[in-house]
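Below: the structure, in structure tokens.
For the single chain, residues carry numbers from 1 onward in sequence order.
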Amino acid sequence: MLKKIFAGLFICAATVCAAENSTDDALVPGYEFQNKVIRYDRNQKNCDSLPAGLEKDFACAAAAYYKGSFVKSLAAYKKLIGKDSSLDKSILSRIARSQFEDKQFAKARETLKLGDERFPKDDEWKEFADRIRLDLTLQESGIKPKAKADSIDVFLKNYGDDESVPRLRYKKGVLLEQAHWFKAAKKAYLYVIAHPSEYGDQAWEALRRIRSRSIAETLDEKITYSSRLCAKGFHEECIAIVDSILAQGEAEAPARDTSKIPNLKTSEDSLNWKLAPSSISLKTRISLWENRANAYKRLKKDTLAIGYYEFLIDSVEPRAGWLQSLARLYRANHMDSLAQKIDLFFQEKFRYTMQNADNIWVRAFEQEQKGLYDDAISSYDSLTIRQFKNSPKVKWVQFRIALCYLKQNKIDSAIAHFEKAKSEEYLWSSSGARMFLGDIYLAQGKLEEAKAAYLDCIQDFPVGYYAHRSRIKLIESKLMDSTTVPWLAPRDMSEEETIRWIQTTQAGTSDSSHSVGRYEMVKRLLDLGFAEEAYDVFQFAKKKNQKRLDFLYTYGTLFLSYNEIIQGYALARQFQNAIPRRYLADAPRNVMKFLYPKPFYDKVVAAADSSIDPLFVYSVMRQESTFNYLITSPANARGLLQVIPPTAKKLAKAEGISDYHPNLLYNPYMNIRLGVRYLKDLLVEYENDPMYVLANYNAGPKPAKRWQAAGKDIPWDRRAEEISYWETRDYVKRCLGNYWVYSEVWNR
């Protein structure tokens, strides 16, 4: 069965797979990629192909601008001023930017002054002019670095909400460091590190550079640095700096007067009296001890980690995270009686908290996997009380209880609880219950009931993982012919018909700012190479129309068609969150392609060669990054396929990439090449089993291997439910659901 389901997964047409990656384009920094690669290519193609005329002139000017040939773009735009008065503001902005980039700073200021005179009350022009003036200030040799840093602060206060913010924050740190304002520079760099971007590594290098200069550092500054260091995962360094901070705090503390014992009113007073004197507050010391305990846990030094967690729990008011960590460490080291003791204490201390809901869920899942079904059912059932109603775990309780009964072959009880799970508002557990009911009826020989349950699952959540599995079961069990199964059936419609269909699914009327004229202006600006200006026009209408499906679709598809991927797919996500799921079963194909796009297709195909279906790559990419190639996860995974730098370094070596740098993971072409290589390697390692390829991609090799071994003799659908990590279990099903939808939308 598995081979049938995924028979087409790792095949792509040889003629398409022959596409090549451009090595040079793959080395462009991510924050320059949209201009230097996407926008340049688009405008250069127009420059080469359009007949002589105004549109060709604009395209050629834009191609020169985005490529960075500013002398050429300056000359071209000067000739275009006045040719179309509606574009003069955009042309002036390009002239000023080209002059700036060509280091004609005085002329750039003159151009900005001219724009101020022509567009005195235009907010869009003012913001653009302020951006150029800031850049001019930063280039001015006569202005001191500290004053330049202050200029950045003023600008960010007024306009700090776009993609330029990380660059400016980092630049501020550089300027403060140049001015020898090291304390302020460190603060600026720490801010960059705390808000992940492509400048994170540079900020770390700068921060370490400052600290290596033996510059005087206060204890508070050292503590702030340590918190970031520990959070970044430098566990050995974390432990070392925590120990040095604690030692410094004791060394700087005044001697304690032991002639009389103070009045110890609180447990903290008592602890302070027991500990050596320190200049560090108890709250800060607790945080430092916690960082040290966490570091030892992640270094797999369980004995030391256990000791520090025990110290924390015995010394101060226990926290939920400490108790959970200690209980897991006890269980991992076969200290079951101690783990049980901690669990009981946890139940008393944090009975109705979300942390306890998580703790109960983990215990129940472990009991279920050990075959202790009565205990597991009791634990799951304890989550159904009113106090836990906001926990996401509660939405799966009836589903898991039903599975426990099913595993014991207590079919009537399993059916009863799957029926309860059907009524859950959460789509995934409700959909899963419908499919498993179909499985039960099929096993009982109740073919009509099975068919009805599978069809109910498909209708309930047509684009989900369980819907596709139900379609397959209808065919394999011969309940329906493949031609009559209700596949996801995108309807081929014209664009006008698609818009009318969308408008029938939404309520209310469109704001007047969403007009044909505005749309045509945005499109024209894109056509003529004014992408930034097109976004400015679009943003005005977005403020009043962002809940309108027709608005989201119209502009989203426009941006995607111009390879403005980040902006376009952000609108697609808003669209999918707003439209009722039931409409997607037979939505227009254009809508489904909007929600499941294929950006950078030639690069994905080239990287995939004949080893992996490009649509499988997209199923992962959609889940990992929502096609935002500039994002960074809390775990420092980067770009489209969320590859972490250590893994990427090994992959780059295997690919023979000598000039690899971690920041190139923000370049879509480099990220695709390395991420697809990783998926291909995993396919070999897991013998083309996509479930555990995905599990490894999300959770790493050790748990994935464990789940694979445990699932060896279990039916396919049960294997997915036995993945013990909540996030990974969800991730695997979402990615597989993505893949099946992609296949039906683009191939069927």
Side-chain angles (χ1 to χ4, degrees), residues 318-321 323-325 327-328 331 339-441 453 456-457 460-461 464-466 581 717-734:
R319 297 178 186 174
L323 292 169
Q324 289 173 313
S325 293
R328 291 187 187 114
R331 284 193 289 269
Q340 187 176 12
K341 182 179 177 181
I342 290 293
D343 276 337
L344 289 172
F345 179 65
F346 189 98
Q347 296 298 320
E348 295 173 5
K349 186 73 177 173
F350 300 101
R351 178 166 297 177
Y352 299 125
T353 63
M354 291 301 100
Q355 294 99 323
N356 192 32
D358 294 343
N359 195 54
I360 293 171
W361 176 272
V362 170
R363 184 175 71 246
F365 206 100
E366 289 177 350
Q367 291 166 336
E368 181 185 341
Q369 293 194 310
K370 290 177 181 177
L372 304 172
Y373 298 119
D374 290 342
D375 291 340
I377 290 169
S378 177
S379 295
Y380 284 129
D381 193 57
S382 67
L383 286 170
T384 60
I385 62 174
R386 176 180 54 82
Q387 288 87 341
F388 290 139
K389 66 179 181 179
N390 293 325
S391 169
K393 307 294 192 295
V394 173
K395 298 169 184 176
W396 282 95
V397 161
Q398 297 301 332
F399 181 89
R400 296 308 310 189
I401 290 175
L403 276 183
C404 287
Y405 283 122
L406 183 61
K407 292 174 184 179
Q408 298 175 84
N409 205 32
K410 296 180 179 180
I411 303 303
D412 289 343
S413 295
I415 290 174
H417 284 277
F418 278 132
E419 286 290 347
K420 286 184 179 180
K422 278 175 57 177
S423 65
E424 292 287 354
E425 294 181 2
Y426 187 57
L427 285 169
W428 282 86
S429 55
S430 172
S431 182
R434 287 168 163 80
M435 187 202 73
F436 274 98
L437 280 170
D439 291 352
I440 291 173
Y441 295 138
D456 183 32
C457 177
D460 178 62
F461 189 13
Y465 164 89
Y466 295 108
R581 292 291 198 271
D717 297 295
R718 285 265 302 280
R719 291 166 62 201
E721 308 302 340
E722 296 304 304
I723 294 173
S724 57
Y725 291 2
W726 175 278
E727 177 189 338
T728 305
R729 187 169 60 255
D730 182 71
Y731 174 86
V732 166
K733 288 186 283 189
R734 286 181 184 274

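Note that NZ of K393 is 13.0 Å distant from OG of S429, once rounded to the nearest 0.5 Å. Here the NZ atom belonging to K410 is positioned 14.5 Å from the CD1 atom belonging to I415, to the nearest 0.5 angstrom. Taken from CZ in F345 to CD1 in I342, the straight-line distance is 7.5 Å, to the nearest 0.5 Å. Distance check, rounded to the nearest 0.5 Å: SG of C404 to CZ of F365 gives 9.5 Å. Between atom CG of residue L344 and atom CD of residue Q340 there is a gap of 5.5 Å, rounded to the nearest 0.5 Å. From D439, atom CG reaches atom CZ of R434 across 14.5 Å, with rounding to the nearest 0.5 Å.
L403 places a side-chain heavy atom less than 4.5 Å from the side chain of R400. At least one side-chain heavy atom of S430 sits under 4.5 Å from a side-chain heavy atom of D460. Proximity of E368 to Y380: side-chain heavy atoms (C-beta onward) are separated by under 4.5 Å at one or more points. Counting heavy atoms from C-beta on, the side chains of Y465 and V732 never come closer than 4.5 Å. Looking at L437 and E419, their side chains come closer than 4.5 Å, going by heavy atoms from C-beta outward. Side-chain contact between K407 and R718: present, with at least one pair of heavy atoms (C-beta onward) separated by less than 4.5 Å. No side-chain heavy atom of L372 sits under 4.5 Å from any side-chain heavy atom of E366. Under the 4.5 Å side-chain criterion, counting only non-hydrogen atoms from C-beta, W726 is not in contact with D358.
Within 6.0 Å of NZ on K341 lie no more than 12 heavy atoms contributed by other residues, nucleotides or ligands.
Ion pairing between a basic and an acidic side chain is recognised when a charged N comes within 4.0 Å of a carboxylate O; K422 and D456 show such pairing. The pair E721-K733 counts as a salt bridge, with a side-chain nitrogen and a carboxylate oxygen less than 4.0 angstrom apart.
Summarising the geometry of Q408 relative to I377, their closest heavy-atom pair is NE2-CD1, 4.0 Å, with the distance given to 0.1 Å.
In summary, the side chains of S724 and Q369 do not present any donor paired with an acceptor at a separation below 3.5 Å, with no hydrogens or angles considered.
Judged as a ring pair (Phe, Tyr, Trp, His ring centres under 6.0 Å), and not counting sequence neighbours, the contacts of F436 are F399, F418. Partners of Y405 according to the ring pair (Phe, Tyr, Trp, His ring centres under 6.0 Å) rule, which considers only residues two or more places apart in sequence or in another chain, are H417.
Taking the ring centre of W428 as origin, the terminal cationic atom of K395 falls outside the region bounded by 6.0 Å and 45° from the ring axis.
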